[in-house]
Amino acid sequence: MAADLTENEKPTPPWANEIPEGSFISYSPTYKVGEYFDRFKKDSDGKLDYYFYDPTEHGFEKSRKYLLLVIMHGTSNALEGDVCINYAGAEFYSKEEYQSILGGAYILVPLAPEYRGDDGMVHGHWPETDTKTVYDLICNFIKKHAEQNGGISKKAILGNSSGGAMSLKLSYDYPDFFNAVVPMGAPEIPDEKLFDLYDQNDVHLFFAMGKRDEICSYEKDVVPLLPRMKSMKHCYIFTPDWVCNGDHGIASINFGFEMGQHCIINPMHCNLMFDDGTIMDPNLPQGITGWLSEALRP
């Protein structure tokens, strides 16, 4: 892992000479991985496995409705075992601070049926999965785990990388099912037809993508859509010039392919707050959890 390398061994990202004076490169998220894994359970609906967090098992009263956060992981993350909970950006939503702001929320992390083939490549990831399979899983989860405790009030789907693309596809195919959609570094950019569906169904969009994303071009793919996005009924645009980790450093993750700026999940997972408490976006004093609590207000 890049974080275990010496300073001389760490690869220099191709954009190193472009960073602002006084900035530094951060090679790994600064938060601890796995601290809250024991708050999640694992289950299956017969087609897909999934991790989930039940707020009524962690201090929240039963017999009332709570939010549901469906969080879609990125490619290959399902092969990482419990670590997928963190890589998907779901782990910290089980923290008391996040749950308190949200007023309690179920967390569902569907697992793509991924496997590594003889060719060494990952197969079975989200682009190869039918949206109905995931939709059915969500409905089955609600019936099995939430309805017996009071049910679900509103629903949001969040997704990182290919999981972000899947969150867009699911909300396109089921536009009246989700109340909020949060694609993060999605390798596929939505079109204006999807924005129209969101407006028609009163869906809140939080669009998160670094301006230097290594997968999609901000200038080519996003800028032409900005006028329409800004005219939407409910749309927040978070496109930082540099994607940073909690230590204020500019994120670099290079395992043969530099993708630090693609991994906007890092700051999003830590609620758009630096480790020292500084807010990453002054318009979001409570971070993404504050935005979600407003978007999903009963």
Side-chain angles (χ1 to χ4, degrees), residues 29 33-34 36-37 39-53 68-94 106-146 155-174 177-178 180-190 194 208-209 213-216 253 255-257 259 262-266 268-269:
V33 176
Y36 304 100
F37 285 174
R39 300 184 180 188
F40 289 81
K41 294 181 178 180
K42 194 173 185 180
D43 205 343
S44 174
D45 75 340
K47 291 185 177 180
L48 296 178
D49 294 337
Y50 58 89
Y51 291 101
F52 73 96
Y53 167 90
L68 171 62
L69 306 181
V70 180
I71 303 182
M72 309 295 293
H73 65 76
T75 300
S76 80
N77 289 173
L79 302 177
E80 301 295 333
D82 291 353
V83 177
C84 179
I85 299 169
N86 181 278
Y87 285 179
E91 181 180 2
F92 292 170
Y93 281 93
S94 70
Y106 288 91
I107 306 167
L108 172 62
V109 185
L111 298 175
E114 295 181 327
Y115 65 96
R116 195 170 296 278
D118 294 337
D119 57 3
M121 304 298 291
V122 176
H123 301 273
H125 40 69
W126 290 132
E128 300 176 0
T129 306
D130 183 70
T131 57
K132 187 177 186 303
T133 301
V134 182
Y135 172 77
D136 288 344
L137 168 67
I138 299 169
C139 294
N140 291 334
F141 169 80
I142 293 173
K143 184 175 181 180
K144 182 176 182 179
H145 294 285
K155 302 178 288 293
I157 185 166
L158 302 81
N160 173 46
S161 193
S162 65
M166 192 59 164
S167 69
L168 294 169
K169 290 179 180 177
L170 276 160
S171 61
Y172 184 90
D173 290 346
Y174 303 93
F177 188 69
F178 300 102
V181 182
V182 186
M184 297 170 279
E188 297 179 20
I189 302 300
L194 182 56
M209 176 181 166
D213 188 282
E214 290 91 354
I215 307 298
C216 285
I253 300 177
F255 298 119
F257 172 64
M259 57 185 299
H262 178 64
C263 292
I264 199 168
I265 185 63
N266 294 1
M268 291 286 283
H269 194 194

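Residue numbers start at 1 and run along the sequence shown.
Legend: residues meeting salt bridge (charged side-chain N to carboxylate O under 4.0 Å, His left out) with Lys47, ordered by chain and number and at least two apart, are absent. Qualifying ring-ring contact (aromatic ring centres under 6.0 Å, His included) partners for Tyr93, counting only residues two or more places apart in sequence or in other chains: Tyr98. Evaluation of the side chain to side chain donor-acceptor pair (under 3.5 Å) rule for Asn77 yields no partner, not counting sequence neighbours. A search for side chain to side chain donor-acceptor pair (under 3.5 Å) contacts involving Thr131 returns Asp173, not counting sequence neighbours. For the ring-ring contact (aromatic ring centres under 6.0 Å, His included) test, no residue two or more places apart in sequence or in another chain qualifies with Phe178. For Lys132, the salt bridge (charged side-chain N to carboxylate O under 4.0 Å, His left out) partners at least two apart in sequence or on another chain are Asp136. Lys144 is linked by a side chain to side chain donor-acceptor pair (under 3.5 Å) to Asp43, counting only residues two or more places apart in sequence or in another chain. Listed by chain and residue number, nothing satisfies the ring-ring contact (aromatic ring centres under 6.0 Å, His included) test with Phe37 (two or more places apart in sequence, or in another chain). His269 is linked by a ring-ring contact (aromatic ring centres under 6.0 Å, His included) to Tyr31, Phe92, counting only residues two or more places apart in sequence or in another chain. Residues satisfying the side chain to side chain contact (heavy atoms under 4.5 Å, CB included) test with Cys139, not counting sequence neighbours, are Tyr135, Phe177. Taking the side chain to side chain contact (heavy atoms under 4.5 Å, CB included) definition, one finds that Ala208 meets it with Met184, Phe206, Phe238, Ile264, Met268, sequence neighbours left out. Listed by chain and residue number, nothing satisfies the side chain to side chain donor-acceptor pair (under 3.5 Å) test with Tyr174 (two or more places apart in sequence, or in another chain).
In this structure, Tyr36 and Tyr53 have side chains that are not in contact, with every pair of non-hydrogen atoms separated by 4.5 Å or more. A heavy-atom distance below 4.5 Å is found between the side chains of Ser171 and Leu194. Using a 4.5 Å heavy-atom threshold, the side chains of Val70 and Val134 count as separate.
Across Glu91 and Ser94, no two heavy atoms sit closer than the pair O-OG, 2.8 Å.
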Output, in order, the C-alpha distance, side-chain angles, deciding distance and verdict of ring-ring contact (aromatic ring centres under 6.0 Å, His included) for His145 and Tyr106. CA-CA 9 Å; His145 294 285; Tyr106 288 91; 8.3 Å; no
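Defined by atom type and a distance below 3.5 Å, a donor-acceptor pair is present between the side-chain atoms of Asp82 and Tyr51.
A donor-acceptor contact shorter than 3.5 Å links the side chain of His73 to the backbone of Ala112.
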